[in-house]
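Worksheet: one structure, shown below.
Counting starts at 1 for both ligands and their atoms, in listed order.
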Amino acid sequence: MKSHTRVLVIGGGVVGCSVLYHLARAGWTDIMLIERAELTAGSTWHAAGGFHTLNGDPNVAKLQQYTVELYKEIEELSGQSCGLHLTGGVMLAGTKERMDWLKMAHAKGRYLGMHTEIISAAEAKKLMPLIDEKQFAGAMYDPLEGHLDPYGTTHAYAKSAKLKGAEIVLRNRVVDMAQREDGSWDVVTEQGNIHAEHVVNCGGLWARECGRMVGLELPVLAMEHMYFLTEDMPEVAEINASTGKEVITALDFEGEIYMRQERGGMLLGTYEQACVPWSEKVTPWDFGQNLLEPDLDRIAPSLEVGFRHFPAFENAGIRRVINGPFTFAPDGNPLVGPIRGLRNYWVACGVMAGFSQGGGVGLALSNWMVHGDPGFDVWGMDVARYGDWTTLAHTNAKVRENYARRFRIRFPNEELPAARPFRTTPVYDRLESHNAVFGDMCGLEHALWFAPSKTEAKDEFSFRRSNDFPHVAAESAGVREGVGLLEISNFAKYEITGGGAEAWLDRVLPNRLPARGRMVLTPMLNEEGMLIGDFTLAREADDRFMIFGSGLAEQYHMRWFQARLPVSGVTLRAHGLDLTGLQIAGPKSRELLSRLVDADLSREAFPFMAVGRFNVGIIPALIGRVTYTGDLGYEIWVKPEHQRALFDLLMKEGADLGIRLFGGRALNSLRLEKSFGSWSREYRPIYTPWEAGLERFVSTQKSDFIGRDALLRARDEGPKRRLATFVVDALDADVIGDEPIWRDGKVVGWVTSGGYAHHAKASVALGYVEAAAFDASAPYEIEIIGDRRAARVAAEPLFDPKGTRMRG
Ligand SMILES: Cc1cc2nc3c(=O)[nH]c(=O)nc-3n(C[C@H](O)[C@H](O)[C@H](O)COP(=O)(O)OP(=O)(O)OC[C@H]3O[C@@H](n4cnc5c(N)ncnc54)[C@H](O)[C@@H]3O)c2cc1C
């Protein structure tokens, strides 16, 4: 075993071997993998080996497609069979809602280049004769489904990596590690110490323990999972004989079961409601290639449905039951990437579908390590979507919720209830007493909308417009006609101070820095000139700045900032909930604030994009003259101990102005009619500022900032796509996001977000269209729940296109 390596990968499951292979393929050959026991000795060896491309996040779905297509490559390279059975598969819908969901999944697949088909129950029966078609409303067929041999696949990755120069050491546990001052790692293993420039935690079932070696509590938890194998079934033999093919895979959402052929019988697995976590606190190191005690009673409710939906199973004998553990993150997607503040430590864990996702995870992580960027939009699986706010018990509750909902529909207006409330701000009770319906963002409660009574304060889950519709309309009107009040503590707020702050921000951000007492909007770019942030930057003094951005991306942005901070001269602080906020917006907002602030707030004295410190009544506050509603408005930032007093003061003083509370859904409606994009929807690392319409917020005159060269190249090459606002001829459902945009019978783009713009009285969609297919006067169609609705491009924002209200 060598004593120095460029990369040390911990864990020889399918994920670790894929990471090793991808690093080797990218040309990094001084790399090694250390495995505690034998390859596959974690959750990999007892997997059912199924793979599919479907995922709620289209970017993750794309990486799943890549994974499935990769198997041929590693088979050819290694000479090791992956035992591929590319049978195709049906996803069966038992209800109309599920059919709607499948139609939307199919629509998303169109712009990803997937080849799924929506079929009737009778057609599904032809493809998968074991079903009772009377039980189903229809199905989706996916040719890229099947199953493989987990052992063979893991070894195919490993052999391919070795052929390219990687080293694999077995029966050697990583026991501990410590970081040197230069960021490299001294790794202690049972067979001796290794000095590694980078460490990758692919510890699977032990990822938590490997994280704890460096003081990290990763949000992963293992769950028990069961599947059984039947004895040979005559029905299976008959299908094999009559079609000359294997039985295709099937996924039955209502039964919460999946199945495939295994030899002459079938394999059937379930995501049961009565799910059970495994090793909740510590994973024992002596757990090897063991299985857990099966408990068929736990899966009995699913089996009952299964027997009804697949009658042949009723007569089938059970040959073997497998119960094994595997890990999940709270939302069921992997945890991949570098860890904020921990140099040269990477993770690729929480991978619950290693045979669908392992290849994509390996590719993204190796790109990240070798080129400094994952090369795709990996937000859906970026470890930075969780922060230090998670706890073991919070993860536990969320993972169990996710497991039990694995095959459940998540409606676009559905907030998941487990482990809530978890993080709240001081005005939470105030908002609750006004019948707020709350959403959960990074564990933080924020108001979505306000109901007229306690009993009505509940969403009716739907893909269509729902019970919140008239109330969100009233909130939007409250803003546009008078003054609205919204809590904004869920924004991220960063304070940057010090003698080096100006120079550092000038390099990190592509826009010109504002003058003292002013703010600017600015994107942030990576080296490839792609959008990785979208901020309001405020300057309070020569050496004091504030950045406001997406709360969702706080860890993501802090990781980026911290990795680029100079050794001295700049102090960076994420305020989190140390700074809470309220926003007032609407034509009467100036009048309201003027009553409470002893200063001239006229247009001339405190104009649009001004920032300053004022007392609001007795409360010290930082106030910025900007709001995301596109109306006259103010963001008021105060310490948490003042937030309730500020809330009460604004509500009391605003009473005769008709002040109205509004929530996140009204804010969305208001920003849509202004064509304001939002982080993680319109602004993501797959778009350039030219494509996203943010060119006025980058200053190509500036001689040096991150991403400048690539940005100029992208400008000269011209945008590949264009962000546009569409008005959709919708019926009772608006876009949610990820719907295809059609022109002349072809898919030419995709929707990034949308909804109903209440003041403009229009169904709005924002989305990207291929540059060659963009014509502002052309007729388009946008597919909403399988129905192509006519859409036209709105050449300018539907509300206040000249911005007179906002600037007034
Ligand atoms: C019953 C069951 C059925 C499943 N069916 C499917 C399916 O059909 N399709 C699908 O895609 N997925 C399925 N899975 C999930 C799949 O098994 C996982 O996604 C996959 O195994 C995750 O691989 P991994 O490499 O991340 O983790 P693991 O397989 O757990 O690998 C981690 C490895 O790291 C090693 N290790 C950990 N710590 C150390 C250390 N300190 N030093 C050295 N080595 C260390 C371990 O020994 C282990 O070999 C199933 C899982 C179960 C339990």
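- With ring centers used as reference points, W28 lies under 6.0 Å from H198.
- Atom 34 (O) of ligand 1 has its nearest heavy-atom neighbour, among G11, G204, G49, in G11.
- Between V174 and ligand 1, an N or O atom pair is found at a separation short of 3.5 Å.
- Checked by distance only, ligand 1 and H225 stay at 3.5 Å or farther apart across all their nitrogen or oxygen atoms.
- Atom CD of E69 has more than 12 neighbouring heavy atoms from other residues, nucleotides or ligands inside a 6.0 Å radius.
- Residue contacts with ligand 1, taken as heavy atom pairs separated by less than 4.0 Å, do not involve P150 at all.
- Taking the six-membered ring wherever Trp is involved, the centroid distance between the rings of W379 and Y556 falls below 6.0 Å.
- Remark: ligand 1 and F355 share an N or O pair separated by less than 3.5 Å (distance only, no angle test).
- Polar contact with ligand 1: present for A48 (N/O pair, distance under 3.5 Å).
- On a distance-only criterion, V351 and ligand 1 share at least one N/O pair closer than 3.5 Å.
- Aromatic pair H225/Y271: ring centres closer than 6.0 Å.
- Contact annotation: Y227 has at least one heavy atom less than 4.0 Å from an atom of ligand 1.
- Between E38 and ligand 1, a contact under 3.5 Å exists for no N or O pair.
- Nearest-heavy-atom check against atom 53 (C) of ligand 1 across H46, E190, R36, R173 picks out H46.
- Only the side chain of W285 comes within 4.0 Å of ligand 1, counting heavy atoms alone; its backbone N, CA, C and O stay farther away.
- Looking at G42, G354, G203, it is G203 that brings a heavy atom closest to atom 32 (C) of ligand 1.
- Close N/O approach between G50 and ligand 1 is found [any backbone or side-chain N/O within under 3.5 Å].
- W285 does not carry R36 over the face of its six-membered ring by the limits of under 6.0 Å from the centre and within 45° of the normal.
- Looking at V14 next to ligand 1, an N or O pair under 3.5 Å apart turns up.
- By the criterion of a heavy-atom distance under 4.0 Å, the backbone of M352, and not its side chain, is placed next to ligand 1.
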>> Working note: E280 + N396, criterion side-chain hydrogen bond (donor to acceptor under 3.5 Å, both in side chains); need CA distance, chi angles, decisive distance, verdict.
In response: CA-CA 7 Å; E280 291 176 83; N396 191 303; 2.7 Å; yes
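- Nearest-heavy-atom check against atom 25 (O) of ligand 1 across T249, V15, V220, T189 picks out V15.
- Taking a 4.0 Å cut-off on heavy atoms, G12 registers as neighbouring ligand 1.
- Within the 4.0 Å heavy-atom shell around ligand 1 one does not find N323.
- Considering both main-chain and side-chain atoms, L205 comes within under 3.5 Å of ligand 1 through a nitrogen or oxygen pair.
- Considering backbone and side-chain atoms alike, T44 places an N or O below 3.5 Å from some N or O of ligand 1.
- At a heavy-atom cutoff of 4.0 Å, ligand 1 is contacted by the backbone of N172 but not by its side chain.
- The aromatic rings of F313 and F310 sit perpendicular to each other, their planes meeting at more than 60°, with 30° as the lower class boundary.
- Neither the backbone nor the side chain of A207 comes within contact range of ligand 1; no heavy atom lies under 4.0 Å.
- Using cut-offs of 30° and 60° on the angle between ring planes, the pair H22 and Y157 is tilted.
- Side-chain N or O atoms of S302 include none that pairs as donor or acceptor with a backbone N or O of T270 at under 3.5 Å.
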